[in-house]
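As structure tokens, the structure follows; a few thoughts come after it.
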Amino acid sequence: MEYDFKSTEAKWQKYWAENKTFHAKQAEDRPKYYVLDMFPYPSGAGLHVGHPLGYIASDIHARYKRLKGFNVLHPMGYDSFGLPAEQYAIQTGQHPAVTTEVNINRYREQLDKIGFSFDWSREIRTSDPAYYKWTQWIFLQLFDAWYSKDLNKAVPIKDLIDTFVIQGNKGVDAVCAEGTPQFSAEEWKEMSKNERQDILLNYRLAYLSESEVNWCPALGTVLANDEVKDGVSERGGHPVVQKKMMQWSMRITAYAERLLTGLDPLDWSDAIKELQRNWIGKSEGASVFFGVKDNDAKIEVFTTRPDTIFGVSFMVLAPEHKLVETITTAEHKAEVEAYIERTKKRTERERLAEVKNITGAFTGAYAIHPFTGAPVPIWIGDYVLAGYGTGAVMAVPSGDQRDWDFANHFNLPIPNVIEGADVSESASESKEGKLCNSEFLNGLPVKEAIKKAIDAIEERQIGTRKVNYKLRDAVFGRQRYWGEPIPIYYKNGIPKAVKTEHLPLELPEVDKFLPTEDGEPPLQRATTWNYDPEKGVVANGEGFPLETTTMPGWAGSSWYYLRYEDPNNTNAFADESAVNYWKNVDFYLGGSEHATGHLLYVRFWTKFLFDMGYIPFDEPAQKLVNQGMIQGVSKFVYRVEGTNQFVSKGLRKEYKTSAIHADVSFVNEHNELDIDAFKAWREDFKGAEFILEGGKYICGNEVEKMSKSKFNVVNPDELIEQYSADALRLHEMFLGPIEMHKPWNTQGIDGVTKFIRKLWRLFHSGENESFVVSEEAPTKAELKALHTAIQKVTSDMERLAFNTSVSNFMVAVNEFTSLKSNKRSILEPLTILLSCHAPHVAEELWSLLGHETSIVEAQWPEFDEKHLAEDEFNYPVSFNGKMRFTLPLSAGLSKDEIQDAVMSDERTQKYLDGKTPKKVIIVPKKIVNFVV
RNA sequence: GCCCGAGUGGUGGAAUUGGUAGACACGCAGGACUUAAAAUCCUGUGGCCAUUGUGGCCGUGCGGGUUCAAGUCCCGCCUCGGGUACCA
């Protein structure tokens, strides 16, 4: 009987669903193990073969852990708020909730066919009000919290208010906005309610402030830094400009140090940790104040090289720096203003594109060097960014290349401060060498000089030691419809929290999903978008206006792993017992593109919830694995320019051609084009003519990102239809190591398909291929093959080497086939070994073997070394490191015995050619090497 | 520029601690079975040279080095992929 995968796979998928095989329960008798995939955004295009790669790997791991006796939690859900659904809604008028529902159903259908062990009873959707109620609740916790540097944790805001009443903000060491004023208890008491709220906004972890944002006019929305690529929006590629706007932000910078140090113990790849470290961008140095000649203003700069302060020959302010206006002298005013105007017009994209183009303007003002008292000319230049550090630099052209370039361009002096450094052609950025021309720092090596310089700066009270982070607070508001409403209303312009009993604050209905005519967010269109603290949401005209921006995509995904632990709880984001039992994720798998976005935010929220005492751990995932991207192999046809003629690849050099993507489904494994299918594909190819080589049209190849627009998408459904889900699972794993990027190649899928058939035949060696299994005791050879497989596959599973485990299955099945092995004692453990990769066929075989319960209830087979014991070892014999022949010898021989045996072999004598070996290296059970 | 990763047959890849390079597959070639095809099975398959056979030389991006022994370790380059960027 041939293996009928279609009915078998459907049967077991139904069985798993009906028997709730994968429903996780809090069971204290087994250790818990939480396996999580980064949940998908359900796009309209459905899954392509790249998506399941990670899901298959994590599924194998989850199934393995289950067989090893763990109580496994392996959930799945959808990150269902997002821009594509909204864009589609804008174009078609369809409510995003409707298209999202359709897309989710399609995803679910596709996922179900692959046979995953997900606990679907825990499915979540970030756009479900029952879910985002808690996203909003966490937002309010952040709104009602501040960060105490003394306690190094987040604390409820009411503690801060209590302190203000007693002592004002003197002695309060908090992470707060720049320029927060000092006040006493008396002053606090005299403030109006509004003034107090304004002050508190400087401390809240979710706060409203005017900030420079990436405004995208085409999308009518603000984008986060990591959503802007090369000055255009990541999605859609629309231009982005800088604009000041009142925005909700998250004070993630409060957690910069903990986000950095917390990385060390995590079992994440070094690459990802390094990315996060660079993103956080800690630098240590000093903040120094420079006075301004004939002016009361002080210019604060941050420098990592305070030792080079005697090398300062000018200062540069960002054109946006607030002091520029006050210090510019009358005669330079026109020039400076013109320069500022010019900078404003340039988008970030242009500024990026013109790195080599050095520009700036002199303000006419001079700073006073804090040590020498010398006048230092103050310039403005757009290479200094307003948003980083203090927006001003003390320029040390001898020690910083950008300063050097600027000095060189404007003919400013370049004084050297490092002994022996040559600064005539470029700056000397090395931290080696000793200081010179630097008064009290002369003769000191750089590292010591830095210390001494900072001490001197602090002594003279012209600055302080300072740690600076590149990490910026995260903009949290979006001018969009399809996101979580921010649960805030405005009373006299002061933001106030919506009462938790009124959560979820549900998205209102709107007539259109576009911004309003005056550029207000789509929520402004709602007719019911006001709030009364007594009644909840009320019609416009009553109560107070609600916030109209919505949360960004990363809000819902910043805590979703916690919701899976108790997905239907209506009283809390998750019950205490659930978070205490399941804790954080043991194994998290997803793409490395989320390294600095999602993975930083989810760590931030986790630390915050930990600080507030809601969860007993402060990292979301102990182990993180990044799966590689599956690339598509695009196929090209070559059209002769100006004609409708297509020339085969080998002949294209003879013509002037342009390459055009052809759908991969028209091209076979020999790169031959199905001409009829191609002609029928598009109207303009109907009359196409073809110049063939050898009677065939050969296409070109290129590895590119798998994408609809490149016509190289391979759909998993079709492969499952043709080859089976088990074959797809095995094949995707067999392609290579999980973390590597690799081009998709359907050809090899025949190999794993044959393997499944071969496996099936091991169990069906009876007449007419009927099922037959022997109860006889296994032979030594069978046991050896079995235990070799157990040992190798177990190690593969532990190392997540799912590609080599597939090879090892093949080796085992090939071996048992040639041994004609059909013994239960062999086939049962083999079936268990395979069941994580190919669960459908394994379940079927398991039940044929007479088991009444699912194979997931089985135990992973134990490896026993005694079956591997070798009597002989086949020694490779090398001469000067070159392997010449092998010699089987008893495994128990001593070094001397081995040498004697090898020396007496006639081949040894041949290679020695009468010479006496200088040295003989013998490593028992490894190698014999003669040095001649 | 900087940071991370990778480079092995025609292809995907294997070699876990320095110890027989190319496991396992795909593809290809030849053969068996078949009226034929599919399916299945068998044989061969890194390159070059030699050959009845035994064999010889070269070979893991390139150039050096360490070592009895290097795909693996060290130094210097090249190429590709990913990330990131006027970050003071």
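All chains are named by letter (A, B, ...) in the order of the sequence lines, taking the proteins before the strands, and each is independently numbered beginning at 1.
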Rounded to whole Å, the NZ-P distance (A/Lys919 to B/U67) equals 10 Å

Taken to the nearest whole Å, CE/A/Met883 to C1'/B/G22 is 13 Å

Between A/Lys470 and A/Asn874, the residue closer to the 5' end of RNA chain B by nearest nucleotide is A/Asn874

Checking B/C86, B/U20, B/A25 against the side chain of A/Phe734 (C-beta onward), the nearest is B/A25

Taking OP1 and OP2 of B/G82, is either one under 4.0 Å from a side-chain nitrogen or oxygen of A/Asn626? no

Can you label the angle between the A/Phe406 ring and the A/Phe410 ring as parallel, tilted or perpendicular, going by 30° and 60°? tilted

| said: Strictly below 4.0 Å: does A/Arg884 bring a side-chain N or O up to OP1 or OP2 of B/G56? | reply: yes

Contact class for A/Asp400 vs. all strands (heavy atom < 4.0 Å): base, sugar-phosphate, or nothing? nothing

When rounded to whole Å, the CD1 to C1' distance for the pair A/Ile280 and B/C3 reads 15 Å

The Watson-Crick or G-U wobble partner of B/U79, with both key distances under 3.5 Å, is B/A6

| task | Look at A/Arg402 and B/G1 and indicate whether a side-chain polar atom (N or O) is within less than 4.0 Å of OP1 or OP2. | result | no

With the side chain defined as heavy atoms from C-beta on, A/Arg761 is closest, among B/A88, B/A6, B/C41, to B/C41

Residues of residues 793-806 of chain A with a heavy atom under 4.0 Å from any atom of RNA chain B, listed by number, are A/Ser795, A/Arg799, A/Asn803, A/Thr804

- prompt: Does a side-chain N or O from A/Arg277 land closer than 4.0 Å to OP1 or OP2 of B/C2, or not?
  reply: no

By nearest-heavy-atom nucleotide on RNA chain B, the more 5' of A/Tyr469 and A/Ile272 is A/Ile272

Whether A/Phe371 and A/Phe310 hold their rings parallel, tilted or perpendicular, with breakpoints at 30° and 60° = tilted

Quick note, A/Lys754 side chain, CB onward, closest among B/U40, B/C68, B/U84 is B/U40

Could you give the distance separating B/G10 and B/G59 at their P atoms, to the nearest angstrom? 16 Å

